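Below you'll find the structure, written out as structure tokens, and then a few comments.
Order of listing sets the numbers, starting from 1, for every ligand and every atom in it. Note that the structure is predicted; figures quoted are calculated from it, not measured. We number each residue from 1, following the sequence as shown.
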Amino acid sequence: MTLFPPSDCARLIVKIGSALIVSPDGSVRRDWLAGIARDIAARRAAGQQIVVVSSGAIALGARRLGLAKGGRASLEDAQAAAATGQIALAGIWSDLLGAEGLTAAQMLVTIGDLEERRRYLNAAATLDRLLTLGVVPIINENDSVATEEIRFGDNDRLAARVAQAASAGAVILLSDVDGLYDRNPTLPGASHIASVTRIDSAVEAMADAGSSSGMGSGGMVSKIAAARLANAAGVSLAIASGRIAHPLSTPARHTVFVAPAGAPARKAWLAGGLTAAGAIHVDAGAAQALAEGASLLAAGATRIEGRFARGDLITINGDQGPIARGLSEYDAVDAARLIGRRSDEHAALLGYAPRAALVHRNHMAYLGDVAR
Ligand code: GLU
């Protein structure tokens, strides 16, 4: 990703830090947000799908409730502030995107929702559906219940996890810094780093902990941690300043952490690593569709082997043996009910709303493409 803002990826995650959303006096920075909504509309019109990870709930709620230390004096304060601020934040996004003719959807998640495999599949499926429906998901951490995450959590890392779940091509972290410097940018002689291809200890040593605005929880340390997570999933990540109008439409100084070439770690993990809990055998048509990058549909499955649970790793076998590995959207019993059946029969066979596939292509590694 050399261009900024990146226009060459189908799905882009944009994380917006608290200080860009709430001014120090507690008011919402509506004009700037309206500009971002316009940028998002332009990108949507050009065919790019956008997911917003929006901070600002705690900052906004704390000021509305008159809480000390920006609502971060105690966990209870932060949770009350988040609950109060989030409802206002959602309303603002819905209004501003609505004014651009776009529909907003809110998803509140915890890090656990994106890390625990069964829950991860749920979040990923919802995101995928929202995006294909043309909606702009607005995501934040579910701070009012997520006790651990609220202490350690920051939306930088959340954005990287969301990128992985949404199979996005890139993440932009917008905050009040325009990237990474070789030392604290307030020190004389600090120089800006335009691109990082390897996150090593020298890069980590450049980062100062702590949020420079004091409003959010993410400083450069959490941004580098986010870059590491994103890069491991094959996703490039850019840090850029949101202290300009229309930051998604204006070329500006930034730091990009370039994802390494080759199979992302997750695909590599799916392809090797753990022992599979079972297998789904498929016919020649399905084998061909998988080779072309499609999801595994029940219609092409011929036999289920083993006792696996939803979210377990399974192998997909063709005539000649394993051709892919992936996470099953169903347990073995329900998968067996669906094999050979068309999608429009699934709801009646299961008695509940079905998934789009037995194994979604985003959670599958085709064994032929690992080395690519
Ligand atoms: N989720 C927090 C909020 O909405 C922000 C976390 C962060 O600062 O990164 O206020």
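- Ligand-side atoms of ligand 1 in range of Ser55: 4 (O), 5 (C), 7 (C), 9 (O), range being under 4.0 angstrom from any heavy atom.
- The aromatic rings of Tyr181 and His192 sit perpendicular, their planes meeting at an angle over 60°, well past the 30° parallel limit.
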Ile92 and Leu60: CA distance, side-chain angles, deciding distance, side-chain contact (heavy atoms from CB on, under 4.5 Å) verdict: CA-CA 12 Å; Ile92 292 160; Leu60 198 56; 4.2 Å; yes
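- For ligand 1, the polar-atom distance check finds no N/O of Glu141 at less than 3.5 Å from any of the ligand's N/O atoms.
- Taking 4.0 Å as the cut-off, Gly56 counts as a neighbour of ligand 1 on heavy-atom distance.
- The distance criterion of under 3.5 Å between nitrogen or oxygen atoms is not met by Ala59 with respect to ligand 1.
- Of all the atoms in ligand 1, the ones that sit under 4.0 Å from a non-hydrogen atom of Asp143 are 1 (N), 2 (C), 3 (C), 4 (O).
- Near Asp154, with a cut-off below 4.0 Å to any heavy atom, the atoms of ligand 1 are 9 (O).
- Side-chain contact check for Asn142 versus Asp113: every heavy-atom pair is 4.5 Å or farther apart.
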Salt bridge (Lys or Arg N to Asp or Glu O under 4.0 Å) between Lys15 and Asp154, worked out: CA-CA 11 Å; Lys15 181 260 173 173; Asp154 56 78; over 6 Å; no
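- Partners of Ala356 under the side-chain contact (heavy atoms from CB on, under 4.5 Å) rule, at least two apart in sequence or in another chain, do not exist in this structure.
- Considering only heavy atoms from C-beta on, His360 stays 4.5 Å or farther from Leu121 through its side chain.
- Contacts of Asn155 with ligand 1, taken as heavy-atom pairs under 4.0 Å, involve both backbone and side chain.
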